[in-house]
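Here is the structure we will look at, set down as C-alpha cells.
Letters A, B, ... are given to chains in the order of the sequence lines, protein chains preceding strands, and every chain is numbered from 1. Bear in mind the structure is a predicted one, so any value in this text is a computation, not a measurement.
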Amino acid sequence: MSLDRATVRRIATLARIRVEEDEIPRLQNELNGIIGWIEQLNEVNVEGVEPLTGAAHMALKMREDVVSDGGYPEKVLANAPDRAGPFFAVPKVVE
Amino acid sequence: MLTDLTIAQARDGLRAGTFSAEDLTLAHLHAIEALNPRLNAYITVCHALAMDQARAADAALARGEARSLTGIPLAIKDLFCTEGVRTTAGSRILGPFVPPYESTVTANLLRDGAIFLGKTNMDEFAMGSSNMSSAYGPVENPWKRRQDAKAVLVPGGSSGGSAAAVAARLAMGGTGTDTGGSIRQPASFCGIVGVKPTYGRCSRWGVVAFASSLDHPGPFARTVEDCAILLGSMAGHDPKDSTSADMPVPDFAAACARGVKGLRIGVPREYRVDGMPAETEVAWQQGLAWLREAGAETVEISTPHRKYALPAYYIIAPAEASSNLARYDGVRFGLRTDGEDLRDLYERTRASGFGIEVRRRILVGTYVLSTGYYDAYYLRAQKVRALILRDFTEAFVHVDALLTPTAPSAPFAQGEKMDDPVQMYLNDEFTVPADLAGVPAISVPGGLDANGLPIGLQVIGKPFDEETVFSVGAALERAAGFDALPALRAGA
C-alpha cells in the first residue's frame, strides 16, 4: 500500500491540519516509510483472535449516571483564546 | 551533600531534625539554578511555590504529622496538570495553558507532603524517545562519553527532563508517563531507576492524554526503594478514571527487601536482536548470574510475537492520539492561530501548534482509522496486541518475572537517529510489549558500557504484581552496586 499525494491531502483534511503543497513530498515519503514498516504485521496469523482494546486487567466499573461536577464557568473559560461573556467565541460560521 | 541523599535517607534526616525541608528544597533550587540553563531539564521552575510547600512541610514535621513524602522535593513531568502552574505537554499548542485543576497522581503526592520543584521537559505530547521533539528545546543527558566528552547525548524520552533532573541531582525523584517506554528508556539512558506499574495502578485523570489504553504514570528515582516509596503515594483507586484499579495498594517498599530466593526468572530469547551492542548482552547475562547467585532460577522462554509489538504499537498509539488530540482546536484552551473561517482556524492552529512528529503521528492515526483501512491496520493491530498479551500470560504460567535489557542501545547523541522516524521508534523495541499488555516493569542500572554510559536492565512482572518486580529490581541493584555518577551533577 503506497500513499499518493491525494491520500496525504485527504488525511490531512480529515485531521484538520493545514499542509502546504511543498510539504507533501516529504510527508508522503515518511508516511510510506512508516506504513511500509508496519505492514510486517501481515505475517502474523490472527485467525480466530479476538481484538484487544485495552490493557486493563479488570472489568470496567459502572457508576451512577448523575451530574457530579461542574458549576464553575469561569474556571472552564479561564484558558479560552477568545470569549464573549460566558461563551467560547469563534469566527462567524453562518452568514 | 543534601542533593546526593536518597528519598529514604532524606526522610530520616527530616524526621530527626538534621536538616529542614527548607534546607533540602533550597539545595535543589540552587542546583537547578546552576545546571538547568545547560541541561534544560525543567521547562518551568516553581521557586516560590516550592518554598511555600517546604515551609508547610517543616510545620507538619514540627507537629509530628509527617506523611510518606513530607519535605521531599520532586520533579513533575509537564504532562501532569498542576493547578495554577502552566502545563505544556512539551507543545507550543499548550504554551498558554494553566490548568484550573490538579491531576490525581500529583494531588496524591501533595497529600503525602511532597514538594514540587517544577515541571520537566519532555518530547511533545510524550511522542519521542530522545526529548528532541520538545517545543521547549532538547534536554542534555548529564552522562558523558569517556572518549568524547564534548558530544551532547540525549536523555531518552519522552520523560527525558525528569530522568535527567533526577540523575543530575536536580530532584530526589520525579514523575513520568510510559506509553511505549517513556519512563524505562530514559531511566536506562540516565542511569537511574524508573517504574511503569500495571495499567490501572495510577490514575490517568489530569494527565494530558496521548494514547489512553497505553498511558501509564509512574515514578523515577535513584534507588529501587525510592521508586517504591513514590509509587506507594502515586497509586490508588480513582473514580475519575474508569480504568483505575479498585485494589489495595501493597507496601511496595517492603517488597524491596524480600529477596529472590526460589523465584523463577524467564529469559525471553526474542529480546536478542541484530545490531544489539555486545555490552548489552554481557550486562543481561551478568544480571541473570546475579539473580542465580541470589537464589533465583533462570529459565529460557519464548515470547514469539515480541518483534510485532512495535509495529502494532505504531498503529494503536497514533490511532488513539489522533482521536485524543482532536481536542486541540484553538477554541477552548491553548494556542489559536486565526484563519479565514472556523475550519481554516482549526487547520492553521493545528499546523502551527503541533510539531513535526506529532503531526506525523496524527496523520498516521487518521489514515489507519479511515474508511477502508480500519480492518487492515487498526483491527489487525488489536489482534496482534492480544497475541502479545497471550505471550506474557503463557510465560507467567512458568515464571514469576522476566529479565531483559531495557533498550537495545546506549544513549546516542543529539542529531543522531533523526533522519528516519522508524530508526527512532526502534529505541522502544523492548519496552513496548509491557505497555501493550499492561504488565508492570522496572528499569534498573546494570552496568556501564565501554564509553562509561549506563545500561539498564528491565524486569517485567505479572499484572498487579509490582511487589515481585520491586524484589527482583532491588536484588539486581544490591548485586550491581552501581555507584558510577554522571559527569554533570549538583556539586560536581
Side-chain angles (χ1 to χ4, degrees), chain A residues 1 3 7-8 10-20 23 26-27 29-31 33-58 60-63 68-69 72 74-83 88-93, chain B residues 96-98 100 198-200 213-214 239 242-243 245-246 305 308 311-312 314-315 322 329-336 338-339 341-348 350-351 354 359-360 362-364 366-367 370 377 379-387 389 420-422 435-438 463-464:
Chain A
M1 185 65 58
L3 282 80
T7 307
V8 173
R10 186 174 59 84
I11 59 176
T13 304
L14 283 172
R16 298 289 184 272
I17 294 176
R18 185 182 167 92
V19 170
E20 306 296 341
E23 289 179 85
R26 181 185 51 78
L27 273 174
N29 190 25
E30 287 170 356
L31 297 180
I34 294 167
I35 298 290
W37 169 73
I38 280 170
E39 281 179 356
Q40 60 178 295
L41 292 183
N42 292 333
E43 297 164 15
V44 185
N45 180 3
V46 293
E47 189 131 341
V49 178
E50 282 297 310
L52 181 66
T53 52
H57 296 270
M58 67 213 150
L60 288 183
K61 283 171 85 105
M62 302 293 277
R63 60 172 166 78
S68 60
D69 197 9
Y72 35 74
E74 280 309 313
K75 268 189 169 186
V76 173
L77 285 156
N79 281 285
D82 188 17
R83 61 183 284 186
F88 294 108
V90 294
K92 201 166 162 185
V93 283
Chain B
F97 181 58
V98 179
T198 310
Y199 186 82
S213 82
L214 294 158
S242 65
T243 59
D246 193 359
H305 299 91
Y308 300 110
Y314 274 97
I315 293 176
S322 72
D329 56 6
V331 174
R332 288 158 301 156
F333 49 87
L335 179 102
R336 168 183 288 191
D338 286 318
D341 51 24
L342 185 57
R343 181 169 178 146
D344 194 40
L345 177 150
Y346 294 152
E347 293 191 345
R348 285 180 191 272
R350 290 163 65 79
F354 292 137
R359 275 180 279 153
R360 194 148 56 210
I362 291 174
L363 293 176
V364 169
T366 305
Y367 179 65
S370 64
Y377 293 113
L379 199 63
R380 175 168 281 267
Q382 287 186 316
K383 291 178 178 175
V384 173
R385 184 176 189 179
L387 293 173
L389 174 60
D420 174 7
V422 174
D435 290 293
L436 288 167
F464 297 109

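- Taking chain B as the reference chain and counting heavy-atom pairs below 4.5 Å, the highest number among A/Met58, A/Glu20, A/Met62, A/Glu23 is found for A/Met58.
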Kindly determine whether A/Val93 and B/Arg343 satisfy side chain to side chain contact (heavy atoms under 4.5 Å, CB included), including the steps that lead there. CA-CA 9 Å; A/Val93 283; B/Arg343 181 169 178 146; over 6 Å; no
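- Of the inter-residue distances, the one linking A/Ile35 atom CD1 with B/Tyr314 atom OH reads 13.0 Å to the nearest 0.5 angstrom.
- Contact annotation: the side chain of A/Leu27 approaches that of B/Leu363 to within less than 4.5 Å [non-hydrogen atoms, C-beta and beyond].
- Contact annotation for B/Pro96: only backbone heavy atoms (N, CA, C, O) come within less than 4.5 Å of a heavy atom of chain A.
- In terms of heavy-atom pairs under 4.5 angstrom with chain A, the leader among B/Thr198, B/Asp341, B/Leu379, B/Leu387 is B/Leu387.
- Both the backbone and the side chain of A/Gln40 come within less than 4.5 Å of a heavy atom of chain B.
- Top candidate by heavy-atom pairs under 4.5 Å with chain B, chosen from A/Val90, A/Leu41, A/Ile38, A/Val46, is A/Leu41.
- Chosen from B/Pro421, B/Gly438, B/Pro311, the residue pairing most often with chain A at heavy-atom distances under 4.5 Å is B/Pro311.
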When you look at A/Arg16 and B/Ile362, which way does the side chain to side chain contact (heavy atoms under 4.5 Å, CB included) test go after all the steps? CA-CA 10 Å; A/Arg16 298 289 184 272; B/Ile362 291 174; over 6 Å; no
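- Here CZ of B/Arg385 is found 15.0 Å from CD of A/Glu50. Values are rounded to the nearest 0.5 Å.
- Atom NZ of A/Lys61 sits about 3.5 Å away from atom CG of B/Asp246, to the nearest 0.5 Å.
- Neither the backbone nor the side chain of A/Ser68 has a heavy atom closer than 4.5 Å to any heavy atom of chain B.
- Heavy atoms closer than 4.5 Å to chain B are found in the side chain of A/Arg10, but not in its backbone.
- The residue among B/Asp435, B/Val422, B/Asp329 with the most heavy atom pairs within less than 4.5 Å of chain A is B/Val422.
- For B/Ser322, no part lies under 4.5 angstrom from a heavy atom of chain A.
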Stepwise, does the side chain to side chain contact (heavy atoms under 4.5 Å, CB included) test hold for A/Glu39 with B/Tyr377? CA-CA 8 Å; A/Glu39 281 179 356; B/Tyr377 293 113; 2.6 Å; yes
Could you give me the CA-CA distance, side-chain angles and deciding distance for B/Tyr367 and A/Leu31, then say whether side chain to side chain contact (heavy atoms under 4.5 Å, CB included) is met? CA-CA 10 Å; B/Tyr367 179 65; A/Leu31 297 180; over 6 Å; no
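- Contact annotation for A/Ala78: neither backbone nor side-chain heavy atoms come within less than 4.5 Å of a heavy atom of chain B.
- Within the 4.5 angstrom heavy-atom criterion, only side-chain atoms of B/Asp344, from C-beta onward, approach chain A.
- Two residues are said to be in side-chain contact when any heavy atoms from C-beta on lie closer than 4.5 Å; B/Arg332 and A/Val76 fail this criterion.
- Of the two parts of B/Val331, the backbone and the side chain both hold a non-hydrogen atom closer than 4.5 Å to a non-hydrogen atom of chain A.
- Residue with the most contacts toward chain B among A/Val19, A/Ile34, A/Asp69, A/Asn45: A/Ile34 (heavy-atom pairs, distance under 4.5 Å).
- Heavy-atom minimum distance, A/Gly54 versus B/Ser213: CA-CB, 4.0 Å.
- Neither the backbone nor the side chain of B/Leu214 has a heavy atom closer than 4.5 Å to any heavy atom of chain A.
- For B/Ala437, the part lying under 4.5 angstrom from a heavy atom of chain A is the backbone only.
- B/Val98 is listed as a side-chain neighbour of A/Asn79, based on a closest heavy-atom distance under 4.5 Å.
- Contact record, B/Phe333 with A/Pro81: N-CD, 3.9 Å, taken as the closest heavy-atom pair.
- For the atom pair CG of B/Asp420 and CD of A/Glu30, the computed distance is 8.5 Å after rounding to the nearest 0.5 Å.
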